2 protein chains.
Amino acid sequence: MALAAVRSGSPARQPRERGQGGQTQQSLKSAQTRARLIDATIRCIVKVGYANTTTPQVAAEAGLSRGAMLHHFENGSALIKAAIVELHEKRLRAFRRAADTENHDVDALVRAYWRQLQKPAFVAFHELALAARTHADLAKILQPLQVEYRERFNAQAVALFPEWQGDRERFDLAMALSQTMLEGMAINVLTGAMAESMVEPMLGLLEDQIRAMNPKLSKGGRAKSAKDQPD
Amino acid sequence: MALAAVRSGSPARQPRERGQGGQTQQSLKSAQTRARLIDATIRCIVKVGYANTTTPQVAAEAGLSRGAMLHHFENGSALIKAAIVELHEKRLRAFRRAADTENHDVDALVRAYWRQLQKPAFVAFHELALAARTHADLAKILQPLQVEYRERFNAQAVALFPEWQGDRERFDLAMALSQTMLEGMAINVLTGAMAESMVEPMLGLLEDQIRAMNPKLSKGGRAKSAKDQPD
DNA sequence: CTCAAGAAACAATCATGTTTGTTTTTGATG
DNA sequence: CATCAAAAACAAACATGATTGTTTCTTGAG
């Protein structure tokens, strides 16, 4: 797909009535088609990888002709950018959802984030993140989103663990630990560098470690050993 | 580069006098050129990513014409395969070297592996591993190497920590923890998902965790807190 | 009737594998 | 010892296939 510079400010032909307000049926259909294309792009990235995600691929996946697709996005790059934004918002939404519905204890949150990482959005994002290493244009788009993601992650966690804020340094460390370990596991499972049978014990280990780092929880929490995990 | 099936058993024109024994000057130069090409391939993967590593790229990087290159490797795929094998052996060599020269305490080994992950070989291997997710041919080559790597990793560690073998389950867990965390950190730093300032504290944290898991070391080892790391 | 949605055809670019040509090494022979 | 032919190293040109952006064309809604 290659993602080159896009003439800013002129998407192929954005309907003039923007936003969620009352639209004509045309602009509504247009929005639907745009969404369908963005979804198809993400599916393609997951299915064949970012590098092999071509415009014909995406068009086929969306059930449209390439011409129709370029009518909505004028450019392969524009499509990729839109997909990135959508992915980013997807991740943030999933965050908020998890924080709202789940139990707010360590185990539940670790498991919630782990489940999060099993979803296609993570695969797609990692594909993009790695491609950005050698693609300056991609990196320029992705970097601010990575920063925002990390900030939201931490902000969410701060809200969830108010009692932890006494030792902010240790808290940040625990957050980085969780992120690193879970994402590292996800990638290692993805690439076959780690056996899946290791996942459960590792999750337990991480939970123990987090509890051990928490100044408050370390007293009340059970000092679970790494081996009494249920199957 | 794309890596398709390669007619087995017929490299472009392997010199008939194989091995390291006495060769004619031609076959020696041939071996040199092959090595130069393999090196160029790895450099390309690191520089522009696996997806954008094309045959002209590699030839240019090696200072050869594409024709000359295809004389030695007949195929882009053959080159990739050779590069993979070379990378694998590089990683194993680095392993053995570290195990021979370094101090055999937890800190030294953690740092040694961390340094290992900063080298280009790791970047290249991760590029390949991720590409393999969507490339069946690549996966078929990489998978056995991944298995062997893990086995060597563990075997090396077993030899280094004989006192640990009482609780094999916990030992395996500690190994998986180290690998996951260090590789996860390396990738997260690579993709900008993690601030570099977090590296040092995280290394310390990992070392503490490993020590805490060791039945023997946990008594003798200093119960270092996560914050008394030197800068 | 006018404009947007959607489709199809087109030229340009690029990587790949193949084929053909040129130089250098090697070792065999007169 | 000089020479020559075969093979290998290296280079260049070619044809093919795929992707990209552009342009032209049809259809349906407002």
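Protein chains get the first letters and strands the later ones, always in sequence-line order, with residue 1 at the start of each. All figures in this text were calculated on a predicted structure; none of them were measured in a lab. The figures here come from the full heavy-atom set of this structure, side chains too, leaving out hydrogens, waters and symmetry mates.
- In this entry the distance linking CZ of Arg34(B) with P of dA9(D) reads 10 Å, nearest Å.
- With sequence neighbours excluded, the residues satisfying side chain to side chain contact (heavy atoms under 4.5 Å, CB included) with Ala139(B) are Ala132(B).
- Applying the 4.0 Å criterion to OP1 and OP2 of dG6(C), one finds that Thr33(A) has a side-chain N or O inside that range.
- Salt bridge annotation for Glu86(B)-Arg34(B): absent, with no cationic side-chain nitrogen under 4.0 angstrom from a carboxylate oxygen.
- Residue pairs meeting the salt bridge (Lys or Arg N to Asp or Glu O under 4.0 Å) criterion with at least one member in residues 184-193 of chain A: none, sequence neighbours excluded.
- The side chain to side chain contact (heavy atoms under 4.5 Å, CB included) test applied to Leu145(B) returns Ile84(B), His88(B), Glu148(B), not counting sequence neighbours.
- In this structure Gln146(A) satisfies the side chain to side chain contact (heavy atoms under 4.5 Å, CB included) test together with Arg91(A), Phe125(A), Ala129(A), Thr191(B), Ala193(B), sequence neighbours excluded.
- Between His71(A) and dG6(C) there is no side-chain polar atom (N or O) within less than 4.0 angstrom of OP1 or OP2.
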Listed pairs, N/O of protein and of nucleotides 11-18 of chain D, under 3.5 Å:
unit_1: dA11(D); atom_1: OP2; unit_2: Ser65(B); atom_2: N; d: 2.9
unit_1: dA11(D); atom_1: OP2; unit_2: Ser65(B); atom_2: OG; d: 3.4

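- Going from atom CE of Met1(B) over to atom C1' of dG17(C) covers 13 Å, rounded to whole Å.
- Rounded to an integer number of Å, the gap from CD of Glu74(B) to P of dG17(C) is 9 Å.
- If you look at Phe171(B) and Phe161(B), their ring centroids are not closer than 6.0 Å.
- The distance between atom CG of Leu79(B) and atom P of dG17(C), rounded to the nearest whole Å, is 11 Å.
- Side-chain N/O atoms of Asn75(A) include none lying less than 4.0 angstrom from OP1 or OP2 on dT20(D).
- Taking the side chain to side chain contact (heavy atoms under 4.5 Å, CB included) definition, one finds that Pro56(B) meets it with Thr54(B), Arg66(B), sequence neighbours left out.
- The separation between Met69(A) atom CE and dT22(D) atom C1' is 14 Å, rounded to whole Å.
- Atom CZ in Phe73(A) sits about 14 Å away from atom C1' in dA5(C), given to the nearest Å.
- With distances taken from any side-chain atom of Leu70(A) to the nucleotides dA9(D), dG21(D), dA15(C), the minimum falls on dG21(D).
- Contact annotation: His72(B) reaches the phosphate of dC10(D) (side-chain N/O to OP1 or OP2, under 4.0 Å).
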